Amino acid sequence: MAQILLVDDDLGFLEATTELLELLEHTVVSASTVAQAQQAAAGRSFDHVILDLIMPDGSGLHVLDSIKNRDQTSVTLVTGHPSVKSIVKDLYGPNISYLIKPIDLAQLQSLFATDDSDHELDTALHFGHLVGESAPMQKLYQMIERVSKTQANVLLMGESGVGKEVVASAIHAATNPKGGFVPANCGAFTRDLISSELFGHEKGAFTGATHRKAGLFELADKGTLFLDEITEMPIDQQPNLLRVLETHKVTRLGATSSIDVDCRVVSATNRSEMDIAEQGCLREDLYFRLAVFPVHIPPLRQRVDDIPLLIEYFLAAFNRQYKASAKIDPKDMARLQAYDWPGNIRELRHAVHRAFIMADPDTQLLVLPDDLSSPFSKVGDQKHAGITVGKTVEDVERELIESTLEHLDGDKKKAAEMLGVSLKTLYNRLNSYAEE
């Protein structure tokens, strides 16, 4: 384990972090001033120094001058805000890593975790999976922390690309269960085999069942079952899932006895509660079983402060994977922060990956495309252009009616109710459009 010098003038932080590091079986020497740290470091070697940049009696970096074998010592600066990290990184270079308060056990674990290439990702990972220090993410971390102390089922809601499976993995990690994390996509199940996938089957239960198969619930016993796109599950199959959630027992297809299962179910959808209720894609009783603890994952445009951290994380991963040293120009970083990212984190990662591949071989700087927008966002802009100068009232009305019908899969009765008009009026409008 590592020999660590911890320097910070916040005594509460100093005590708590020392306890966490000792929990990880490291040896810690702590100091609350530069003078104390210099005295403790005089003539000694440390594997790692964790220090605050601004101390009451000077800069924390002055402590490094007193350490023996300074070139062999890893240095981590503690900062209070993501923007500070970007500034000090420009000043002190890429060889210094960073932690952003508040610091938890997962951040400290990631700080000392190394891979085969001896590179470290210096971006803090909350619960070993999540990147971000913005206010919306801090709220999300608090919710994960709270629900991790229970066995409540969780329903994750958020736009496509926000990282719902990553959040599900973080909940699993925070719970620290005995069993594993078992992910499944309900949209990928065929109607005929969905019961077999979820609950398993016995040999000979149906044509093609050549051997006994354990279902996903059994595989996730003592752990977490993640059901992505839960609202894509056929309505007629949902009572079977509901029964398992109520009884904590599964019966394999073709079996005569049930099996006890004990797992947390984390489900996910890109639909809102209003959509779920209006579209009837999830039974009400099943919804309340799955959404004991509903969690809304913020879209990337609501956590712009996290974009530099995410880019650093992705870039470090690509550099490690390809044994490269690419970096990003501050102007390009500002440009990425100004974009609204309709595809969320998935789209951001794609953009960084492409820019990494196109990086200038001489400067190692990322090369961004002239147009950041994706074809999917352009289609969305064209289909839902909204009110623009020069558009007539009739055009706006027609667009609203057509968009509502598309949203409701052509159900005219529901569309009339949602629009607040009679069914007859809606038909009259549609007939007039057909005559044009």
Side-chain angles (χ1 to χ4, degrees), residues 1-82 84-85 88 95-115 118-133 138 141-142 144-146 148-149 169-178:
M1 292 292 107
Q3 299 286 326
I4 300 170
L5 175 61
L6 176 63
V7 186
D8 198 292
D9 62 324
D10 183 339
L11 297 181
F13 169 82
L14 199 66
E15 181 180 353
T17 306
T18 297
E19 290 181 1
L20 289 175
L21 289 168
E22 289 177 343
L23 185 64
L24 295 173
E25 299 183 354
H26 298 299
T27 301
V28 184
V29 175
S30 62
S32 59
T33 66
V34 171
Q36 288 179 4
Q38 288 175 326
Q39 183 177 359
R44 292 187 59 176
S45 296
F46 289 94
D47 301 308
H48 212 115
V49 177
I50 302 174
L51 51 83
D52 195 352
L53 187 61
I54 302 174
M55 300 288 289
D57 55 340
S59 169
L61 292 174
H62 291 315
V63 176
L64 304 180
D65 298 332
S66 305
I67 296 176
K68 185 180 179 181
N69 299 325
R70 164 68 183 86
D71 294 338
Q72 301 174 22
T73 303
S74 299
V75 179
T76 296
L77 297 180
V78 178
T79 66
H81 193 275
V84 178
K85 175 179 174 178
V88 296
N95 294 326
I96 295 180
S97 57
Y98 302 83
L99 289 176
I100 301 172
K101 294 180 179 178
I103 293 174
D104 55 29
L105 187 62
Q107 289 189 63
L108 293 174
Q109 286 176 317
S110 66
L111 184 66
F112 295 97
T114 58
D115 62 5
D118 293 324
H119 290 291
E120 294 185 1
L121 301 182
D122 64 14
T123 303
L125 290 177
H126 292 264
F127 308 106
H129 292 84
L130 298 173
V131 175
E133 305 298 334
Q138 294 297 336
Y141 300 150
Q142 183 183 54
I144 292 174
E145 185 69 34
R146 296 281 176 82
S148 69
K149 296 178 172 61
S169 298
I171 293 172
H172 174 78
T175 306
N176 194 26
K178 296 179 181 177

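Since the structure is predicted, the reported quantities are computational estimates derived from the model, not experimental observations.
Residues satisfying the side chain to side chain contact (heavy atoms under 4.5 Å, CB included) test with Gln39, not counting sequence neighbours, are none. When the salt bridge (charged side-chain N to carboxylate O under 4.0 Å, His left out) test is applied to Lys149, the partners found at least two apart in sequence or on another chain are Glu145. By the side chain to side chain contact (heavy atoms under 4.5 Å, CB included) test, Leu20 is found to be paired with Leu105, Leu108, residues two or more places apart in sequence or in another chain being considered. For His126, the side chain to side chain contact (heavy atoms under 4.5 Å, CB included) partners two or more places apart in sequence, or in a different chain, are Asp104, Gln107, Leu130, Glu133, Tyr141. Thr175 is linked by a side chain to side chain contact (heavy atoms under 4.5 Å, CB included) to Ser148, Gln151, Ile171, Pro177, Arg264, counting only residues two or more places apart in sequence or in another chain.
Here side chain to side chain donor-acceptor pair (under 3.5 Å) pairs that include residues 12-29, with residues two or more places apart or in two chains, number zero.
Across every non-hydrogen atom of Ser32 and Leu11, the tightest pair is CB-CD2, 3.7 Å. Of all the heavy atoms in His48 and Val75, the pair that sits closest is NE2-C, 4.3 Å. When all heavy atoms of Phe13 and Val78 are compared, the closest pair comes out as CZ-CG1, 4.0 Å.
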Inset, instruction - Could you walk me through whether Leu5 and Val28 pass the side-chain contact (heavy atoms from CB on, under 4.5 Å) test, one step at a time? - result: CA-CA 6 Å; Leu5 175 61; Val28 184; over 6 Å; no

Inset, instruction - Under the side-chain contact (heavy atoms from CB on, under 4.5 Å) rule, what do Val131 and Leu125 come out as? Steps first, then yes or no, please. - result: CA-CA 5 Å; Val131 175; Leu125 290 177; 3.4 Å; yes

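In terms of modelled atom types and a separation under 3.5 Å, the side chain of His129 and the main chain of Phe127 share a donor-acceptor contact. No donor-acceptor pair closer than 3.5 Å links the side chain of Asp8 to the backbone N or O of Asp52.
Expressed to the nearest 0.5 Å, how far OG1 of Thr33 lies from CG of Asp9 amounts to 9.5 Å. Atoms OG and CG, on Ser30 and Leu6 in that order, are 6.0 Å from each other to the nearest 0.5 Å.
For the pair Ile4 and Asp47, the minimum side-chain heavy-atom distance is 4.5 Å or more. Put simply, the side chain of Val7 does not reach to within 4.5 Å of the side chain of Val34, judged on heavy atoms.
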